[in-house]
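Notes follow once the structure below has been shown.
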Amino acid sequence: MNILSILENRSCYLCGSPDDGRSGLCFECQDHIKHSSLKKGTLCPRCSQPLLSNDPQFCPFCHSVPGVEQLHSISYFNSYMKELLTLFKSGKMPCLRFFFASLIYEYLKKEGLLDAVLVPVPPRRGKFRDQGWDQVDLLCKTLKRSYRIRIERILERTDRIQQKTLSFEEREQHMKKILRYKDSTVKLEGFRAVILFDDIFTSGATISAAAELLGKKYTGELSALVLCSVI
């Protein structure tokens, strides 16, 4: 299906029916994605990955997210979510931000975290200049404008390297070197919970490095939230 014709005719990307007026998806397809793609069943209380049994113990993945008390992962990076998030990240369908923002809001509401502050993982230096936008930043703007979620952009990266070219060990060491405070005057101690926010969880190196940096100034409940995790 041609994406340009979809945007011009305001039709659903998945089925071609009239969309909801802004996200590029109809309400029926949105409900289908939520039913088929969002995580269900018994999940690890620390990293939101599925447990191998109904015994509510931590799963083998937990060692990959040091520095955060819990990784909130809404979906998996496969099927519809993989296709739609890839379209969004590439800039072909930025209107999907409204659908993704609604998923994030509904999750925060369900978990009782609407009063938390979200700290986005920063993009590599030069991304705004080269591409004109960043998918995580756009999601944060939508969450703030549409749902009044508190956003604090207090971290920044000092490099221009794309992480996908590095191994896990290289990512971890690299991120610890190039992450720093963008605004050291922001006080986080008054918030009940601070949540690091990113779109996809892969190795955990970026979130762990950011958590280590934030942990030097914030002693409260520190967790992380991602739209999708790769397993």
Side-chain angles (χ1 to χ4, degrees), residues 13-14 32-53 57-94 96-97 99-104 106-108 111 118-124 127 131 134-140 143 155 157 159 161-176 178-179 195-212 222-231:
Y13 168 77
L14 293 177
H32 176 69
I33 293 170
K34 292 176 183 179
H35 177 75
S36 62
S37 301
L38 302 192
K39 292 186 175 181
K40 305 177 183 68
T42 305
L43 304 177
C44 173
R46 180 181 290 167
C47 74
S48 299
Q49 299 290 14
L51 292 175
L52 301 178
S53 67
Q57 299 297 317
F58 294 146
C59 76
F61 295 96
C62 285
H63 70 279
S64 64
V65 284
V68 296
E69 295 186 33
Q70 183 176 358
L71 171 68
H72 300 275
S73 177
I74 298 175
S75 181
Y76 301 114
F77 191 58
N78 59 14
S79 188
Y80 291 119
M81 289 296 288
K82 181 177 181 178
E83 181 176 359
L84 295 176
L85 193 50
T86 300
L87 285 169
F88 175 61
K89 287 169 65 70
S90 68
K92 293 180 179 179
M93 289 188 68
L96 286 169
R97 67 187 183 275
F99 173 61
F100 291 135
S102 71
L103 293 183
I104 296 167
E106 290 171 10
Y107 183 88
L108 291 174
E111 296 296 319
L118 264 59
V119 177
V121 171
R124 57 181 172 82
K127 185 174 183 180
Q131 300 182 11
D134 172 67
Q135 70 274 7
V136 173
D137 179 70
L138 188 58
L139 281 173
C140 286
L143 287 167
L155 301 180
R157 288 173 58 170
D159 70 320
I161 299 175
Q162 294 191 34
Q163 287 251 82
K164 60 185 178 183
T165 63
L166 305 177
S167 67
F168 171 77
E169 291 77 12
E170 291 172 332
R171 288 186 184 192
E172 188 175 30
Q173 294 303 316
H174 175 73
M175 292 305 301
K176 288 181 179 181
I178 55 85
L179 273 179
I195 303 177
L196 281 162
F197 173 60
D198 207 352
D199 55 349
I200 300 177
F201 177 85
T202 51
S203 68
T206 301
I207 287 178
S208 295
E212 181 177 322
L222 180 60
S223 57
L225 170 66
V226 295
L227 265 173
C228 298
S229 56
V230 179
I231 58 172

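Residue numbers run from 1 in the order of the sequence given. The analysis underlying the following values was restricted to heavy atoms, covering all of them including side chains, and did not include hydrogens, waters or symmetry mates.
In the displayed structure, K127 atom NZ is contacted under 6.0 Å by more than 12 heavy atoms of other residues, nucleotides or ligands. Within a 6.0 Å sphere centred on OH of Y107, heavy atoms belonging to other residues, nucleotides or ligands number more than 12.
Side-chain contact between S223 and H72 is present, with heavy atoms from C-beta onward closer than 4.5 Å. Two residues are said to be in side-chain contact when any heavy atoms from C-beta on lie closer than 4.5 Å; V136 and V121 fail this criterion. The shortest distance between side-chain heavy atoms of E83 and Y13 falls below 4.5 Å. L103 is listed as a side-chain neighbour of M81, based on a closest heavy-atom distance under 4.5 Å.
With rounding to the nearest 0.5 Å, the separation of CD1 in I74 from CZ in F100 is 10.5 Å. Rounding to the nearest 0.5 Å places SG of C228 at 8.0 Å from CG of N78. To the nearest 0.5 Å, atoms CD1 (I104) and CG (L227) are separated by 4.0 Å. Rounding to the nearest 0.5 Å gives a distance of 9.0 Å between CG of D134 and CG of L139. Once rounded to the nearest 0.5 Å, the distance linking CG of L14 with NE2 of H32 reads 8.0 Å. Interatomic distance, L143 CG to R97 CZ, rounded to the nearest 0.5 Å: 11.5 Å.
In this view, D137 and K141, R153 satisfy the side chain to side chain donor-acceptor pair (under 3.5 Å) rule, not counting sequence neighbours. Residues meeting the ring pair (Phe, Tyr, Trp, His ring centres under 6.0 Å) test with F197, sequence neighbours left out: none. Not counting sequence neighbours, the partners of E106 by the salt bridge (Lys or Arg N to Asp or Glu O under 4.0 Å) test are K34.
Minimum interatomic distance between L38 and S75 (heavy atoms only, all atoms of both residues): CD2-CB, 4.1 Å. Annotation for A211 and V68: closest pair CB-CG1, 3.7 Å, computed over non-hydrogen atoms. Summarising the geometry of R157 relative to P122, their closest heavy-atom pair is CD-O, 3.2 Å, with the distance given to 0.1 Å. Minimum interatomic distance between K39 and S73 (heavy atoms only, all atoms of both residues): NZ-OG, 2.8 Å. When every heavy atom of L85 is checked against every heavy atom of D199, the shortest pair comes out as CD2-O, 4.3 Å. Among all heavy-atom pairs drawn from L84 and L96, the shortest one is O-CD1, 3.3 Å.
With hydrogens and angles disregarded, no donor-acceptor distance shorter than 3.5 Å links the side chain of S208 to the backbone of G67.
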